[in-house]
Structure formats: structure tokens, C-alpha cells
Amino acid sequence: MPLEVAVAGRVMTRRVMGKLAFFTLSDETGPIQLFLEKLALGEAFTQLTSLVDAGDLIGVKGTLRRTDRGELSVRVSEWQMLSKALQPLPDKWHGLADVEKRYRQRYLDLIVTPQSRETFRRRALAVRTIRRWLEDRQFLEIETPVLQSEAGGADARPFTTHHNTLDLPLFLRIATELHLKRLVVGGFERVFELGRIFRNEGVSTRHNPEFTSVEVYQAYADYYDMLELTEQLIAAVTLEVCGSTALTYQEVAIDLTPPWRRATMHELVQEATGLDFNAFPDRETAAAAMAAAGLEVPATATSVGRLLNEAFEQRVEAQLIQPTFVLDYPLEISPLARAHRSKPGLVERFELFIAGRETANAFSELIDPIDQRQRLEAQQERRLAGDLEAQGVDEDFLMALEVGMPPTGGLGIGIDRLVMLLTDSASIRDVIAFPLLRPEGRSG
RNA sequence: GGGUCGCUAGCUCAGCGGUAGAGCAUUCGGCUUUUAACCGAUUGGUCCUGAGUUCGAAUCUCAGGCGACCCA
């Protein structure tokens with residue numbers, strides 16, 4: 001007995017030859033061929049071949065069979081129009097080649113570009129894996145405000161908005177950090193938030209003004225604990241999404257099998273430039289040495305530490321293709337990180353670089369309210385001096401620290417960049433379903 | 001922000017100073033094992049927008065719009 005089936009989906013292609021026709025019907029699970037015979041269908045055959053266009057959504061009933069060429073097909077006995085497409089599908093062979101159209105009309109892209117569908121499935125799998133991995137380790141997911149009176153926790157310009165009834169200016173969050181730390185003060189010892197962050201900055205292949213991060217805080221832990229956590233978490237996600245901890249990104253082999261390289265910023269800069277920043281007593285000495293080595297010395301880099309970071313960005317970052325933990329950052333560029341236990345002028349912080357891109361950022365959190373106040377006040381001064389990305393003083397956050405915060409390790413991972421890596425996507429827009437684009441220009 | 005490139009039919013593209021084109025899609029006809037079906041015919045245009053040069057501009061120049069890539 002032939003198997004009776006009912007299927008629904010979108011007609012992708014039509015091949016009509018007189019009294020016989022083949023349609024390709026696709027649903028989310030993939031395509032199947034419809035086998036249509038005039039002899040069996042009668043009037044319905046004429047309707048199907050004359051009324052149904054590529055792009056229409058139809059439902060059919062029939063029996064499963066293989067054609068002479070071996071293609072699994074539904075031999076249709078009944079059909080129903082489910083939704084008529086008024087717009088034609090993009091070219092069935094070339095698909096949507098225009099990347100702008102792919103972003104503006106993502107629905108078309110998803111219909112005709114299997115790889116695009118696969119990217120968003122993998123993104124969902126990556127997010128699901130991260131969430132489960134953390135929950136399995138007793139981390140509690142808590143949502144914190146997007147609308148805030150003071151946007152802190154990162155060096156970035158916020159979006160501004162306004163609450164009408166309260167007549168209150170508000171900012172969209174640029175990080176989840178300061179609220180998650182309040183939760184740690186409140187006694188939640190393992191918390192995380194996986195959510196949207198908004199930064200009022202430029203758009204590029206690596207930046208979208210709204211993007212997704214996961215921030216993780218663990219009480220009674222330090223940045224070494226977060227380093228282990230980061231390594232294990234990302235390796236687990238990679239294994240789940242890619243089936244292996246080794247992958248190819250933009251034709252470069254990247255091996256995420258732990259353990260990953262760990263090196264201090266000083267070591268990496270010295271390796272790349274020959275400059276030992278530990279040997280520079282003041283900014284002028286460091287600046288002269290940098291200039292002699294052919295590096296740019298921006299006037300905004302006002303300390304040895306900032307110059308070190310400049311040298312790192314100019315000569316090291318892009319070279320860090322294999323996963324590398326960069327340890328021990330200058331204190332002045334890390335206002336929320338705890339001073340290093342043994343290295344003056346540095347903090348207990350690492351950033352993870354993969355494929356030349358910052359993928360994670362973590363520290364032993366600064367929990368000393370007095371030190372924190374001084375650091376934020378220094379930030380405030382920079383802001384008043386015109387640095388629009390400098391942070392302000394969040395009094396409520398400082399009040400929370402004054403209540404007493406346990407020593408805590410904190411971590412942030414950029415989900416979009418991680419997903420780019422896992423899906424071999426060249427642009428962040430390829431992993432965001434609806435990336436920000438300018439509205440299409442109208443004449444005049 | 002700077003540089004390079006792109007924008008022509010619903011889609012993919014050619015045309016680069018002299019009548020606006022092809023393939024696919026649409027519409028019509030033919031065809032009972034196709035799968036980029038095939039064959040014949042048909043339809044479809046603010047050549048991104050505006051100004052300029054020219055007898056004549058999709059084509060050259062300038063300005064603008066949107067996008068891609070590279071750089072900062």
C-alpha cells in the first residue's frame with residue numbers, strides 16, 4: 001500500500017509538460033517534489049498548473065512514490081491554495097545576490113538562501129547552549145533594565161530617550177554590568193543576563209548599534225576562574241554548534257580546543273614591537289620609544305598604560321587569530337576592574353581574542369566602593385573634558401558597593417561575534433536577522 | 001570621517017556618447033518522468049535622484065541618496 005501523506009509548503013519551482021507536471025514544494029525541513037498527473041487529477045491539474053505560481057503556499061494530499069529518476073515525490077490527489085504570493089520570488093538559480101536586498105528583505109533571503117536559514121538556526125543553538133550550560137552550573141538568569149537614568153558599565157555613547165509621564169530623560173543600556181553586580185550584592189552568587197545592548201556608534205562589519213551580550217557574575221571567584229569558565233563555555237558551544245572544537249573561519253583554520261594561549265598585554269606587545277613597557281618610567285619615554293618603533297602616538301593616550309594599549313591595538317590585536325587570553329590591562333582603561341594583586345598600575349582583567357577580534361572581556365570585579373568612586377570620578381573628568389564615551393558616576397551603584405559586595409569574577413561575551421565565528425560569517429549583519437540600515441532614499 | 005567599487009525589467013546581469021538588451025520569472029501555445037526541464041511567442045523600464053556638458057547621455061562631469069569592501 002502506498003503511504004498517504006499531506007504536506008504544506010511554498011512552491012519553489014514548476015516544471016509543467018503537457019499532461020504531467022512536477023513542482024518543488026519546500027517547508028522548513030526542506031524540499032519535496034510534487035508529482036502531478038492530469039489523468040489522475042482532472043480539473044485540479046488544470047488549476048494547479050494555471051493558478052499556482054512559484055512562491056505560492058499550497059497544501060496537498062497524496063501518496064509517496066519515487067519517480068523514474070528516483071526522486072521522492074508526492075503523487076498529488078487533492079490540493080488547496082493556502083496563501084497566494086503577489087510578489088515573484090527572486091531568481092531561482094542566482095538567488096538574492098544583492099547583499100543590501102538580503103538585509104532589507106530578510107524574508108526573501110530566508111526563502112531562497114539555505115545558508116542564511118542555517119546561520120540563524122546555529123545562532124539559536126549557540127544561545128540555547130550558552131543558557132543551558134550556565135543554568136546547569138547554577139547560574140540564575142535575571143533581567144535588568146534596558147531603560148536607565150545613568151548608562152554605565154562600558155565606555156560607549158548611549159541612545160537617549162524620554163519617559164513622558166515622569167518627564168524623565170532616559171538612556172538605553174550600554175551594558176548589563178552594574179545591575180548584575182547589584183544582584184550579587186543582594187546575595188545572588190551566580191547570575192547572568194543574555195540580552196540586547198545598545199551603543200550609539202558607527203556601523204561596520206563588526207558593529208551593529210544593537211547587539212547581544214551575555215554577562216556572567218560569580219561571587220567568590222576571580223578572573224582566573226572566569227578564564228576557565230570562558231574557555232569551557234566557548235569550547236562547549238563550539239562543539240555543539242560545529243560538531244568539533246576546530247573550525248574554519250574565512251578560510252583560516254582556528255582551533256578552539258582548550259587550553260588556549262594565555263599571555264599578558266605587556267608580553268604580547270613586547271613580542272610584536274620589541275618594546276618593554278615595564279621599562280618606561282613616564283609617558284614621554286614610552287611615546288618616544290613608540291615613535292622610534294614606527295607606531296602612532298595619539299595625543300589622547302595620556303599615560304604609559306594608554307600608550308601600551310595603543311601599541312597593543314596597532315600591532316597585536318589583528319595578529320591574534322588563534323584563541324588568546326590577553327591578561328592584565330592598564331588600570332586607567334579599566335575603571336570597573338579590581339587592581340592587580342601584585343602588579344601596580346594594572347588590573348585583573350583579560351580579553352579573549354579570536355580571529356583578530358575581541359570576543360570576551362572579564363575581570364576580577366572592583367568591589368571597593370572608595371576605589372570605585374575615585375575611578376568613576378576620573379571617568380567623569382574625562383567626560384567633562386569631552387570624551388563622550390567616558391562613564392559617569394552612578395551613585396546608586398556606589399551605594400550598593402558600600403553595602404558590601406563579595407569578591408566576584410565577571411565576564412562578558414559578545415554573542416554576535418561568537419556566532420560570526422561559528423557560522424563563518426564575514427559581517428555581523430549576516431548573524432543579525434534585521435540589522436540596522438538607513439531607510440532607503442526617496443527622491444527629492 | 002577618508003578611499004575604492006556598485007546601483008539598468010520582479011530576480012541575475014550585459015550595454016559605457018547614437019533606436020533600452022539577454023537569461024530566468026510573468027502571460028499565451030506545445031509537450032506524460034522533469035528537477036536551472038525543453039520549444040515557440042508575449043509582456044515588462046523614473047537606466048538611484050538632481051543639475052550640467054553635448055545635436056544627442058544609461059554611458060561623460062558635478063552634487064546628492066543608498067549599499068559593499070578597505071582604511072581610521
S.K.: Does the A:Thr113 side chain pair with the main chain of A:Leu110, one donor and one acceptor, at a distance under 3.5 Å?
M.R.: no

S.K.: Flag the pair A:Arg123 and A:Glu118 as a salt bridge only when some basic side-chain nitrogen lies within less than 4.0 angstrom of an acidic carboxylate oxygen.
M.R.: no

S.K.: Distance only, no hydrogens: is a donor on one side chain within 3.5 Å (strictly under) of an acceptor on the other, for A:Tyr103 and A:Asp430?
M.R.: yes

S.K.: Taking side chain to side chain contact (heavy atoms under 4.5 Å, CB included) as the definition, give me every residue that meets it alongside A:Asn208, ordered by chain and number, with sequence neighbours left out.
M.R.: A:Glu210, A:Ile428, A:Ile432, A:Pro435, A:Leu436

S.K.: Which is more 5' along RNA chain B, the nucleotide nearest A:Trp93 or the one nearest A:Gln105? Just name the residue.
M.R.: A:Gln105

S.K.: Any chance the side chains of A:Gln322 and A:Asp255 put a donor and an acceptor closer than 3.5 Å?
M.R.: no

S.K.: In plain terms, say whether A:Arg75 and A:Glu37 are close enough for a salt bridge, that is, a side-chain N and a carboxylate O under 4.0 Å apart.
M.R.: yes

S.K.: Could you check which nucleotide pairs with B:A51 in any of the strands shown, counting Watson-Crick or G-U wobble with both distances under 3.5 Å?
M.R.: B:U61

S.K.: For B:A22, which nucleotide is its Watson-Crick or G-U wobble mate, given both distances must be under 3.5 Å?
M.R.: B:U12

S.K.: Between B:A20 and B:G15, how many Å separate the two C1' atoms, rounded to a whole number?
M.R.: 9 Å

S.K.: Starting at atom NZ of A:Lys101, determine the distance to atom P of B:C7, rounded to an integer number of angstrom.
M.R.: 12 Å

S.K.: Which base sits across from B:C38 as a Watson-Crick or G-U pair, both distances under 3.5 Å?
M.R.: B:G30

S.K.: Looking at RNA chain B, which of residues 33-56 of chain A put a heavy atom within less than 4.0 Å of it?
M.R.: A:Gln33, A:Phe35, A:Glu37, A:Leu39, A:Asp53

S.K.: Taking atom C1' in both B:A57 and B:U19, compute the distance separating them and give it to the nearest angstrom.
M.R.: 14 Å

S.K.: For the P atoms, the ones on B:G30 and on B:A36, what distance do you get once it is rounded to whole angstrom?
M.R.: 25 Å

S.K.: B:A41 and B:U33: how far apart are their C1' atoms, nearest whole angstrom?
M.R.: 26 Å

S.K.: Looking across every strand, which nucleic acid part, if any, lies under 4.0 Å from A:Val112 by heavy atom: base, sugar-phosphate, or nothing?
M.R.: nothing

S.K.: If the C1' atom of B:C28 is compared with that of B:A14, how far apart are they to the nearest Å?
M.R.: 28 Å

S.K.: Does the side chain of A:Arg338 pick up a donor-acceptor pair with the side chain of A:Gln372 at under 3.5 Å?
M.R.: no

S.K.: Is it true that atom CD of A:Gln115 has more than 12 heavy atoms of other residues, nucleotides or ligands lying nearer than 6.0 Å?
M.R.: no

S.K.: Applying a 3.5 Å limit to both distances, which nucleotide forms a Watson-Crick or G-U wobble pair with B:U43?
M.R.: none

S.K.: Name each donor-acceptor pair under 3.5 Å that joins a side chain in residues 83-90 of chain A to protein atoms two or more places apart or in another chain, with its distance.
M.R.:
{"residue": "A:Lys84", "atom": "NZ", "partner": "A:Leu51", "partner atom": "O", "Å": "2.9"}
{"residue": "A:Lys84", "atom": "NZ", "partner": "A:Asp53", "partner atom": "OD2", "Å": "2.8"}
{"residue": "A:Lys84", "atom": "NZ", "partner": "A:Asp56", "partner atom": "OD2", "Å": "2.8"}

S.K.: Which nucleotide, B:U33, B:U35, B:A25, lies nearest any side-chain atom of A:Asp68?
M.R.: B:U33

S.K.: Does the ring center of A:Tyr329 lie less than 6.0 Å from the ring center of A:Tyr223?
M.R.: no

S.K.: Let me know, please, whether A:Gly95 or A:Gly70 comes out on the 5' side of the other along RNA chain B by nearest nucleotide.
M.R.: A:Gly95

S.K.: Considering only the C1' atoms, how many Å lie between B:G64 and B:G45, rounded to the nearest integer?
M.R.: 23 Å

S.K.: Tell me which nucleotide, if any, is Watson-Crick or G-U wobble paired with B:C5 when both distances must be under 3.5 Å.
M.R.: B:G67

S.K.: Tell me, which of residues 80-90 of chain A have any heavy atom that sits under 4.0 Å from an atom in RNA chain B?
M.R.: A:Pro88, A:Pro90

S.K.: Atom CZ of A:Arg15 to atom P of B:A25: distance rounded to whole Å?
M.R.: 11 Å

S.K.: B:A9 and B:C13: how far apart are their C1' atoms, nearest whole angstrom?
M.R.: 11 Å

S.K.: Hey, are A:Arg262 and A:Glu228 close enough for a salt bridge, meaning a charged N less than 4.0 Å from a carboxylate O?
M.R.: yes

S.K.: Provide, to the nearest angstrom, the distance between the CG atom belonging to A:Asp109 and the C1' atom belonging to B:C11.
M.R.: 14 Å

S.K.: At under 4.0 Å between heavy atoms, how does the protein contact nucleotides 67-72 of chain B? Give one character per nucleotide, 5' to 3', with B, S or -.
M.R.: SSS---

S.K.: Do other residues, nucleotides or ligands put more than 12 heavy atoms under 6.0 Å from the CZ atom of A:Arg15?
M.R.: yes

S.K.: Measuring to OP1 and OP2 of B:A25, would you say a side-chain N or O of A:Lys92 lies under 4.0 angstrom away?
M.R.: yes

S.K.: For the rings on A:Phe22 and A:Phe35, is their centre-to-centre separation under 6.0 Å?
M.R.: yes

S.K.: Do A:Thr144 and A:Glu193 have side-chain N/O donor and acceptor atoms under 3.5 Å apart?
M.R.: yes

S.K.: Measure from CZ on A:Arg14 to P on B:A36 and round the result to the nearest Å.
M.R.: 16 Å

S.K.: Before accepting this row, confirm whether a basic side-chain N of the pair A:Glu296/A:Arg315 lies closer than 4.0 Å to the acidic partner's carboxylate O.
M.R.: no

S.K.: Quick check on side chain to side chain contact (heavy atoms under 4.5 Å, CB included): which of A:Leu422, A:Leu421, A:Thr423, A:Leu125 does A:Cys242 satisfy it with?
M.R.: A:Leu422

S.K.: Under 4.0 Å from any atom of RNA chain B, heavy atoms only: list the residues of residues 17-25 of chain A that qualify, in numerical order.
M.R.: A:Met17, A:Gly18, A:Lys19, A:Leu20, A:Phe22

S.K.: How far does the P atom of B:U8 sit from the matching atom of B:A68, given to the nearest Å?
M.R.: 16 Å

